[in-house]
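Quick notes on the structure that follows.
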Amino acid sequence: MLGKRNHSGSVPPNGKKKLRKRSTVELVPESEQIFQGKVFYYVPPDDKAQPRRIRINKAIKFGAAWTTELSLSTTHIVVDKTLTFKDVMTFLKLETLPSNIIMVSEDYPIDSIESRFLLDPKQKQYTVSGYQEMSKVERAAPPSPTMSEHASEDTAALKQPPSHSKELVHGSEIDDTSARVQISQPQNHDMDDHKKMIKLARSMEHIPINDEDDDQEDDIPPSRDQSDESGSDVEPRRPSSHNRPKSKRKGSRNLSFNQEGFTCMTGGTGITTDSNPNARTIEILQKMADYYVETKDHWRQSAYRKTIGVLRKQNTKISSYDEAIRLPTIGHRLALKIEEIVLTNGLRRLNDVVSDPRFHVLQTFMNIYCVGINQAWNWVQQGHTSLEDLKAHVSLTKNQQLGIEHYDEFLTRIPREEVTALGNFVRDAAVSIDPKVEVIIGGSYRRGASSSGDIDFILTKRSTTSSQELLEFLTSLTNHLTKVGFLVAALLTPSQTGSKWHGCCVLPGILKSIWRRIDFLLVPGSELGAALIYFTGDDIFNRSIRLLASKKGWRLNQRGLYKDVLRGPGRVRLNEGSLIEGADENKIFAALGVPWRPPEQRICN
DNA sequence: TGGCGGTACTG
DNA sequence: CAGTACC
DNA sequence: GCCA
């Protein structure tokens, strides 16, 4: 039933589908792997039904990769015979089929395997019903109600949107690092198998990566900084051979984890690594991380970002598998990849992705403010290739329109001196409205960055105990700053219980000044410490220290550190907990057993 | 095998 | 609710 | 992706 399915589907809120390792699937000899380099997306995209599971496993056996998330590298959509073309397009929320994806019926892989050869997908028996009519005539044909009972069950499954978590299953452990190249070039439907094979062979010849040159690293001199990237996570490191779990700290629970392993315990070095011996490796891994954004595989992306963070801290070049695997957060596959990068100056897998023009389009779209992976992916799927396309053909929210209008500006970094100047401007205005208000610049600026992606302000007042008490002040401030031409747009304003304001500003009186992203956070004095930790970051540090708190049975957020937090299955929080400390940054560190470190040493990314 | 931060706002 | 954002 |  559909209700049940939808319900259970939404229970694991982050789509925890997991990559099912088919280590049990034994591959046929490589020469017989007719699906080598192909990536199959099945509809419905699961293997819950026994027959489909068997078919999928068989395809994997013959070299296919199986994905449950449509992505740039998908080569085939394999459709259950009970479904029509329109069903599939509706399910995928597509208007047209991307030209380089082949849609076939479920018989296609089976027959190909039998004939030991990639068959012509255009043959009638492999086309999905409704496909030809749709492509010939351009009329909106009503869905043919010719479905068996079995079919209706499967269409019910389609109600579940194709979001969340992808699985890419290769038959062997070797997968992506190895020579299993993803073929992502357009494969015209009228290209015959022979030509395809030639093309495939050719594509496997190149090893080095194309530097698509768009990455002028400019000057990111000292320090990293915040908003250039975000959304990684942190977790304990391997117990570093020497220091053992040792005694428990403070009144905390039975600590069955190694606190020393948390990134927040050591933080960043604080040293400004200008040139890192692992720069090239980092560059490639960063692109891999970008690629995994594309696949919506958030956690895999995180793993890459963590690895990048670790490599950045090394002052020697990590060249071999053995060197790499000893480092925290670097496991078997990343160690393999690091070795391959050093050896070949690139990663074969990546080459195919970055050379796909859609990859760049996707990245372009995602750089629009308030456009994320899902929106960007949908637009790419619909065939849009430029910001002009979007302006002309899709409906944009107000913020997205602003994002496009000021696309380059929002990507332009703000020199530290300008942040200081903007800060002074805000401070003067704030104090003139309420002399008791304090203005603190947070974000990468507080971490000492020489340039920032945006400007973050904490607005606080000693005597206050709730952010609402500052709402009126905020209104006066934004009104005033708007009137004098400092604030030029509001992107997000606080709800009645809210505490954040997002918008844009310029330094008045400067010709052709650049629009800057600016954020205000209202903070009562009683929460200043927690807010400082939050607003100083970086994001990796925040995740690490919050995870640490959670392992102790506590909770850290931007308002305070709380104890006695009960959590249910999946760490779902069941209660608020009771406040340990909120006002003093230092005391929060101390309570958690984290050695104090100044903001500059919280750069973990 | 199931974790991987915790929150606020929009549509 | 999903999506996007903040660090 | 990695880790407990």
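For the numbers below, each heavy atom of this structure counts, side chains included, while hydrogens, waters and symmetry mates do not. Numbered from 1 within each chain, the chains take letters A, B, ... in sequence-line order. Just so it is clear, the model here is predicted, and its values are computed rather than measured.
Salt bridge A:Arg555/A:Glu576: present, at least one basic N to carboxylate O contact under 4.0 Å. No salt bridge links A:Glu409 with A:Arg516; every basic N to acidic carboxylate O contact stays at or beyond 4.0 Å. Salt bridge absent: A:Glu585 and A:Arg597 never bring a charged side-chain N and a carboxylate O closer than 4.0 Å.
Here A:Arg573 reaches the OP1 or OP2 of B:dT7: one of its side-chain N or O atoms lies under 4.0 Å away. Within the structure, every side-chain polar atom (N or O) of A:Arg546 is placed at least 4.0 Å from both OP1 and OP2 of B:dG6. Within the structure, a side-chain polar atom (N or O) of A:Arg567 is placed less than 4.0 Å from OP1 or OP2 of B:dG6. Distances shown here put a side-chain N or O of A:Ser495 below 4.0 Å from the OP1 or OP2 atom of B:dC9. In terms of phosphate contacts, A:Asn557 brings a side-chain nitrogen or oxygen within less than 4.0 Å of OP1 or OP2 of B:dT7. Dashed line: the shortest gap from a side-chain N or O of A:Tyr292 to OP1 or OP2 of D:dG1 is under 4.0 Å. One finds no side-chain N or O of A:Asn399 lying less than 4.0 angstrom from the OP1 or OP2 phosphate oxygen of B:dT10. Note on A:Lys551: every side-chain N or O is 4.0 Å or more away from OP1 and OP2 of D:dA4.
Atoms CD (A:Gln400) and P (C:dG3) sit 13 Å apart, rounded to a whole Å. Remark: P of C:dG3 and CD1 of A:Ile368 are 17 Å apart, rounded to the nearest angstrom. The distance from atom CG of A:Leu547 to atom P of B:dG2 is 18 Å, rounded to the nearest whole Å. Rounding to whole angstrom units, NE2 of residue A:His298 and P of C:dA5 are separated by 14 Å. We find that CD of A:Gln558 is positioned 9 Å from P of B:dC9, with the value rounded to whole Å. In this structure, A:Arg300 atom CZ and B:dG3 atom P are separated by 18 Å, rounded to whole Å. Atoms CG (A:Leu402) and C1' (C:dA5) sit 15 Å apart, rounded to a whole Å. Atom pair A:Trp379:CH2 and C:dT4:P shows a separation of 9 Å (rounding to whole Å applied).
Of the possible polar contacts, none joining the A:Ser452 side chain to the A:Ile455 backbone as a donor-acceptor pair under 3.5 Å is found.
Picking from C:dC6, B:dT10, D:dG1 the nucleotide with the shortest atom distance to the side chain of A:Tyr369 gives C:dC6. For A:Arg543, taking side-chain heavy atoms from C-beta onward, the closest of the listed nucleotides B:dG5, B:dA8, C:dT4 is B:dG5. Among B:dG5, D:dG1, C:dC6, the nucleotide with an atom closest to any side-chain atom of A:Tyr534 is C:dC6. Minimum atom distance to the side chain of A:Phe535 is reached by C:dC7, of the listed C:dC7, D:dG1, C:dT4. For A:Ala303, the listed nucleotide lying nearest its side chain is D:dC2; candidates were B:dG11, C:dG3, D:dC2. Considering only the side chain of A:Arg559, B:dT7 comes nearest among C:dA5, C:dC7, B:dT7. Nearest to the side-chain atoms of A:Arg447 among the listed nucleotides C:dT4, B:dG6, C:dC7 stands C:dC7.
Residue-level contact check: A:Arg517 touches the backbone only, with heavy atoms under 4.0 Å from sugar-phosphate atoms and none from bases. Contact annotation for A:Leu521: no contact, since no heavy-atom pair falls under 4.0 Å across all strands. Across all strands, A:Ile533 comes closer than 4.0 Å to no nucleic acid atom at all (heavy-atom distances). In this structure, A:Asp519 reaches the sugar-phosphate backbone alone: every heavy-atom distance under 4.0 Å involves primed, P, OP1 or OP2 atoms, never a base. Nucleic acid contact for A:Ser550: sugar-phosphate only, since backbone atoms but no base atoms lie under 4.0 Å from a heavy atom of the residue.
Proximity of the aromatic rings of A:His332 and A:Tyr321 is defined here by a centroid distance below 6.0 angstrom, and this criterion is met. Residues A:Phe262 and A:Phe257 bring their aromatic ring centres within 6.0 Å.
A:Asn605 and A:Arg305 are linked by a side-chain donor-acceptor pair at a separation below 3.5 angstrom, with hydrogens and angles left out of the test.
The base of C:dC7 does not come close enough to the side chain of A:Asp539 for any donor and acceptor atom to sit less than 3.5 Å apart.
Distance check on atom P: D:dC3 versus B:dG5 gives 15 Å, rounded to whole Å.
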